[in-house]
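Nothing here was measured: the structure is a model prediction, and the numbers come from that model.
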Amino acid sequence: MNQVLERKQVSAEHRWNLEDLFADQKAWDQEFQQVRDSLSKISAFQGKLSEPAAVKQCFELEDDVSQKTERLYVYANMKHHEDTAEPTYQALSDKAKKISVEVGEALSFISPEILSLSDEKLQQLVTDASLSFYKDTLEEMMRQKPHTLTKEQEALLAQAGNMAGAPSTIYSMLNNADLKFPKIKNEKGEEVELTHGSYIQFLESRNPEVRKHAFEAVYTTYRSQKNTIAATLSANINKNIFYAKARRYPSVLESTLFGDNIKKEVYTNLVSTIHDSLPELQRYLKLRKKLLKVDELHMYDLFAPLVEEFNMDITYQQAKEEIKKSLQPLGDNYLKILQDGFDNHWIDIYENQNKRNGAYSWGAYGTHPYVLLNHKENLNSMFTLTHEMGHAIHSYLSDENQAYRYAQYTIFLAEVASTLNEALLMDYLLKRVTDPKEKLYLLTYYADQFRTTVFRQTMFAEFEMITHDKAEQGDSLTPQEFSEIYYGLNKLYHGDAMVVDQDIEMEWARIPHFYNSFYVYKYATGFSAATSFAKQILDEGQPAVDRYLGFLKSGGSDYSLNILKRAGVDMSTPEPIKQAMSVFSSLLDQMEELTK
């Protein structure tokens, strides 16, 4: 599909069917009015949440209104994503956002009011038979109570919220609007503009001079703003410390892990286990140097293609067939749901004019999930399709097996099912490939995912841990301090396997994730958990499959670590990360065999 069509030209067979959510605009409008009418019913419970009957009725109303609001929001935004220039759905999306905010505000009194009860009264609600369905909700509130402040203090913290967002907002404006990179020469010797978007493309150039110039130009630009960016990052860390202390947490790290009830050991195990595996990363870097045929491997060579671009033209139809074969280990029911998704318009397949870019899986409870793609006929798009269908089937099984309140799984779990599908597809492709060049192409594709998702994200996570520790001990964080810590980590991770160029010390200034603190570790843990599941499924067969399907059906019905542990992946130990590293090691064995 070379020509980019207008939305109205896209054939029905290539579109998702949003009528499964709402038959038409009139049905959406009716549900919108029902939600609006419910707002006054919610406020009627204010000041009455001390008796079981009122708490039960309030929770039931909360579930009903939240579910309807989710449906309104999802439908409006997916219609908007079909054609972002279409004014009707721009307006509908805005309308859905506004009602979501109104509902959030209307429901916001529930938790503080219940938490203002005495411990004894709270315990009575937890053990009341009529509230047994809501026992988990009430117990979670009790867990949060030591870190919940008085009504007045909470109001004060909420008012501080606008100021708290300042470091991130200032960094974003500087990084996206004010920072200008110089022009550099491309492969043809032409002067071209260097931008955030084109930077990685330049690093993927086959010409080492182009890669080097792009790398130096980017970090020279960041170096010129090092004082300002260090001040914003330091302010963000101090903001985190303020909130952690205000809510009586021992540290910022523990305050961010508390929401998902994640033990600190999960974080520290990840870092220490990856440290143990750094020789494997360095082994991969030596292989990269050999495949690139360079005398020295530099930081700007880490994204350069290792194998001549292997032309893998894969039609959408072929991609679906390959994915079905690769997911056979997960059993007939899983494949049936996958086929339903393919046959019954869950997926919006191809790019059209003004369609939202990228890919996602989304949906609302009570209806099957949906997947948005901008499919191209290549290997990457086939992996994107299986990735998003992993999310979709996770949501489908969670919704089918859990009540609305307990169906939504956490971000900590979110990337497991999608990455597992990718791992099974890669295993399937590697087992049936016969062309050594194609095999090497697949191996390097997979090995780079380990490098970028596990090793690199863990290095980021370690940088966050070190910088927060220093600030919590009262040390000041200067630009030199940030650069020293960051350069030291790059030396530690990459070792003597490559030249760790001095310019890389400024990379901390380029990472927006550092303003969403202690988040990136979830990429590494999710990838490790998925790789561990895939290894168990391929080694053990049915018992591991049954455990994994149990994980998919659990939704958010328990804490993330408990759900994973029951399924055979205990993230409170280093074991899943070690299993993932053993898979990485086997990829390197195969690559070394092919490059003898």
Say whether, by atom type as modelled, one donor and one acceptor occur between the side chain of Thr531 and the main chain of Leu420 under 3.5 angstrom. no
Going by the rule salt bridge (charged side-chain N to carboxylate O under 4.0 Å, His left out), which residues pair with Asp558 if we only count those two or more places apart in sequence or in a different chain? Arg566
Pair Asp276 + Lys578, salt bridge at N-O below 4.0 Å: no
Is the backbone N or O of Gly165 less than 3.5 Å from a side-chain atom of Ser168, with the two atoms forming a donor-acceptor pair by type? no
Is the backbone N or O of Leu253 less than 3.5 Å from a side-chain atom of Thr256, with the two atoms forming a donor-acceptor pair by type? yes
Sequence neighbours excluded, which residues qualify as ring pair (Phe, Tyr, Trp, His ring centres under 6.0 Å) partners of Tyr519? Tyr523
Show me the donor-acceptor pairs within less than 3.5 Å that the side chains of residues 48-59 make with the rest of the protein, sequence neighbours left out.
{"residue": "Lys48", "atom": "NZ", "partner": "Ala44", "partner atom": "O", "Å": "3.3"}
{"residue": "Glu51", "atom": "OE2", "partner": "Lys121", "partner atom": "NZ", "Å": "3.3"}
{"residue": "Lys56", "atom": "NZ", "partner": "Glu60", "partner atom": "OE2", "Å": "3.0"}

Pick out which of Glu254, Glu464, Glu462 makes a side-chain contact (heavy atoms from CB on, under 4.5 Å) with Tyr267. Glu464
With His80, which residues qualify under ring pair (Phe, Tyr, Trp, His ring centres under 6.0 Å), at least two apart? none
Lys535: what forms a salt bridge (charged side-chain N to carboxylate O under 4.0 Å, His left out) with it, not counting sequence neighbours? Asp539
Ignoring hydrogens and angles, tell me if any N or O in the side chain of Tyr493 forms a donor-acceptor pair with the backbone of Ile274 under 3.5 Å. no
Is it true that Asp64 and Lys41 have a side-chain N and a carboxylate O under 4.0 angstrom from each other? no
Donor-acceptor pair, Ser582 side chain versus Gln579 backbone, under 3.5 Å? yes
Is it the case that the ring center of His147 lies less than 6.0 angstrom away from the ring center of Phe258? yes
Among residues at least two apart in sequence or on other chains, which ones pass side chain to side chain contact (heavy atoms under 4.5 Å, CB included) with Glu19? Asn17
Sequence neighbours left out, what passes salt bridge (charged side-chain N to carboxylate O under 4.0 Å, His left out) with Lys336? Give chain and number order. Asp340
Run Leu330 and Ile537 through side chain to side chain contact (heavy atoms under 4.5 Å, CB included) and show every step you take. CA-CA 8 Å; Leu330 295 177; Ile537 286 164; 3.8 Å; yes
Sorted by first residue and then second, give each side-chain hydrogen bond (donor to acceptor under 3.5 Å, both in side chains) pair with at least one member in residues 135-144; sequence neighbours left out. Lys135-Glu139, Thr137-Arg405, Thr137-Tyr406, Glu140-Arg143, Glu140-Gln144, Glu140-Tyr559, Arg143-Asn261, Arg143-Tyr559
Tell me if a side-chain donor or acceptor on His391 pairs with a main-chain N or O of Ala414 at a distance below 3.5 Å. yes
Compute the centroid of each ring, for Phe22 and then for Phe32, and state whether the two points are separated by less than 6.0 Å. no
Any donor-acceptor pair under 3.5 Å linking the side chain of Thr127 with the backbone of Gln124? yes
Distance-only, no hydrogens or angles: does the Trp362 side chain make a donor-acceptor pair with backbone N or O of Tyr370 under 3.5 Å? no
Determine whether a donor-acceptor pair (N or O, by modelled atom type, separation under 3.5 Å) exists between the side chain of Ser66 and the backbone of Asp63. no
Can you name the ring pair (Phe, Tyr, Trp, His ring centres under 6.0 Å) partners of Phe551, sequence neighbours left out? His394, Phe533, Tyr548
Answer with yes or no after comparing the ring centroid distance for Phe514 and Phe463 against a 6.0 Å cut-off, counting only values under it. yes
Taken in chain and number order and not counting sequence neighbours, the residues that satisfy ring pair (Phe, Tyr, Trp, His ring centres under 6.0 Å) with Phe482 are Trp508
Which pairs with one or both residues in residues 234-246 pass side-chain hydrogen bond (donor to acceptor under 3.5 Å, both in side chains), sequence neighbours excluded? Asn236-Lys239, Asn236-Ser517, Asn240-His468, Asn240-Ser517
List the steps, then state whether side chain to side chain donor-acceptor pair (under 3.5 Å) holds for Asp546 with Gln542. CA-CA 6 Å; Asp546 292 341; Gln542 199 57 46; 2.8 Å; yes
Taking Gly550's backbone N and O only, do any of them form a donor-acceptor pair with Ser554's side chain (distance below 3.5 Å, no angle check)? yes
Which residues satisfy the side chain to side chain contact (heavy atoms under 4.5 Å, CB included) test with Ser100, sequence neighbours excluded? Thr69, Tyr73
Rounded to the nearest 0.5 Å, what's the gap from OH on Tyr515 to OG1 on Thr169? Could you check? 11.0 Å
